[in-house]
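Since the structure comes first, as structure tokens, the remarks are kept for the end.
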2 protein chains.
Amino acid sequence: MLSKKTKYAIKALVALGKNVENPPMQIVRLAEQEMIPRKFLEQILLDLRNAGYLYSKKGAGGGYSLNKNAADIYLADILRITDGPIAMVPCASLKFYRKCDECHDEKTCGIRKTFIDVRDATLQVLSRTSVADVIARENTDDLLV
Amino acid sequence: MLSKKTKYAIKALVALGKNVENPPMQIVRLAEQEMIPRKFLEQILLDLRNAGYLYSKKGAGGGYSLNKNAADIYLADILRITDGPIAMVPCASLKFYRKCDECHDEKTCGIRKTFIDVRDATLQVLSRTSVADVIARENTDDLLV
DNA sequence: ACAAAGTCTATTGAATAAGTAGTCTTTATT
DNA sequence: AATAAAGACTACTTATTCAATAGACTTTGT
């Protein structure tokens, strides 16, 4: 499961992506609009800003805006900032590799191989889906579940 | 990330899958061999047994063995027993659906649609990979990372 | 000068995961 | 029948992580 932090991060990016024509958006407004606890959102935006995805301006008339084109912000990268590894086992992670404690021999581990496949399948989606894509899908009927 | 519980469950199933020609395996042996805390493993095996995947026998000479063919035990089903939902957001879950707290309108939610895609990609692997497949991959060179 | 923003770090509280303990039940063996 | 070797079941404890909160500081526009 995604942490709330990550979910909030995506929601914030989507909201800011829809706000590009307007002046920067204040944390308080964003928090209200997206139903996110204000101080928690504050930290999340900070992280995204420090990672280069957001631009912020202090003082009166300040606020947050995207620092990249929404089409260039991929969910995989956001998840990694807020949740860390995307793989389901540390030894299958591309960016946060760690040996599993109880692993006898990684080279022959069938579990690892399987979860590398899972990771690749997941990334196939997440590293190709941008904030712009998420926004674009909001008003289409492409999924009828 | 997979919980340790799930990882231990898979390891246990794999070990038991390799043990099918032999008499049932005792918890203690399995725990030692796979480096899993004994009492924790006990609970996990119980869950798998109650879900119909394992057969157990009490008393001297007792122990655990698979109750199905290793080729018919799919990882997706195991994950659901030990970790619950496979989807990354509750509203995208096939078997454990739950509405997201902060969701305005699920029908148009781009995040949901995206994570349904992720779920499908993940299941594409997990619901086709059996314990037998995991065992089979242990001694192949099909992945050179 | 002051108010309206964001910045940064620390702390608290709650939930969940991980592990432990102990008693009960079944079964094989002697 | 007694005993020992297993698993069954429930309750509890501890550790970790997540979520949220607090508060003092900095920048900037008017």
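Quick note on labels: first sequence line is chain A, next is B, and so on, each numbered from 1.
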key: Any B:K5 side-chain nitrogen or oxygen under 4.0 Å from OP1 or OP2 of C:dT16   = no
ask   = Is it true that A:D117 and B:R128 have a side-chain N and a carboxylate O under 4.0 angstrom from each other?
value = no
ask   = What is the distance from CG of B:D101 to C1' of C:dA14, rounded to the nearest Å?
value = 15 Å
request  = Round to the nearest Å and state the distance from A:L41 atom CG to C:dA5 atom P.
outcome  = 15 Å
query = Would you say the side-chain atoms of A:N22 and A:N19 include a donor-acceptor pair closer than 3.5 Å?
reply = yes
Test item: B:R137 and B:T129 side chains (from C-beta on) under 4.5 Å apart, heavy atoms = no
query = B:L45 near the nucleic acid: base, sugar-phosphate alone, or nothing, with a heavy-atom cut-off under 4.0 Å?
reply = nothing
message = Tell me the interatomic distance from B:R49, atom CZ, to D:dC9, atom P, rounded to whole angstroms.
response = 6 Å
query = Below 4.0 angstrom from OP1 or OP2 of C:dT7, is there any side-chain N or O of A:S56?
reply = yes
message = Among A:V131, A:L66, A:D47, A:I81, which residue satisfies the side chain to side chain contact (heavy atoms under 4.5 Å, CB included) criterion with A:Y53?
response = A:I81
inquiry  = Rounding to an integer number of Å, can you tell me how far A:E42 CD sits from D:dA22 P?
reply    = 12 Å
query = Expressed in angstrom and rounded to an integer, what is the separation of B:F40 atom CZ from C:dA18 atom C1'?
reply = 5 Å
ask   = Between the side-chain atoms of B:Q43 and the base atoms of D:dT10, is any donor-acceptor pair under 3.5 Å?
value = no
remark   = B:L46 CG to D:dA6 C1', in whole Å, measures 13 Å
query = Can you tell me how far C1' of C:dA15 sits from NZ of A:K4, to the nearest Å?
reply = 11 Å
note = Side-chain atoms of A:K58 come closest, of D:dG7, C:dT7, D:dA5, to C:dT7
query = Across the strands shown, which category fits B:Y8 at heavy-atom distances under 4.0 angstrom: base, sugar-phosphate, nothing?
reply = sugar-phosphate
inquiry  = Given the structure, check if the side chain of B:K39 and the base of C:dG22 hold any donor-acceptor pair shorter than 3.5 Å.
reply    = yes
ask   = What's the verdict on salt bridge (charged side-chain N to carboxylate O under 4.0 Å, His left out) for A:R29 and A:E32, showing C-alpha distance, side-chain angles and the deciding distance?
value = CA-CA 5 Å; A:R29 273 189 54 217; A:E32 275 174 14; over 6 Å; no
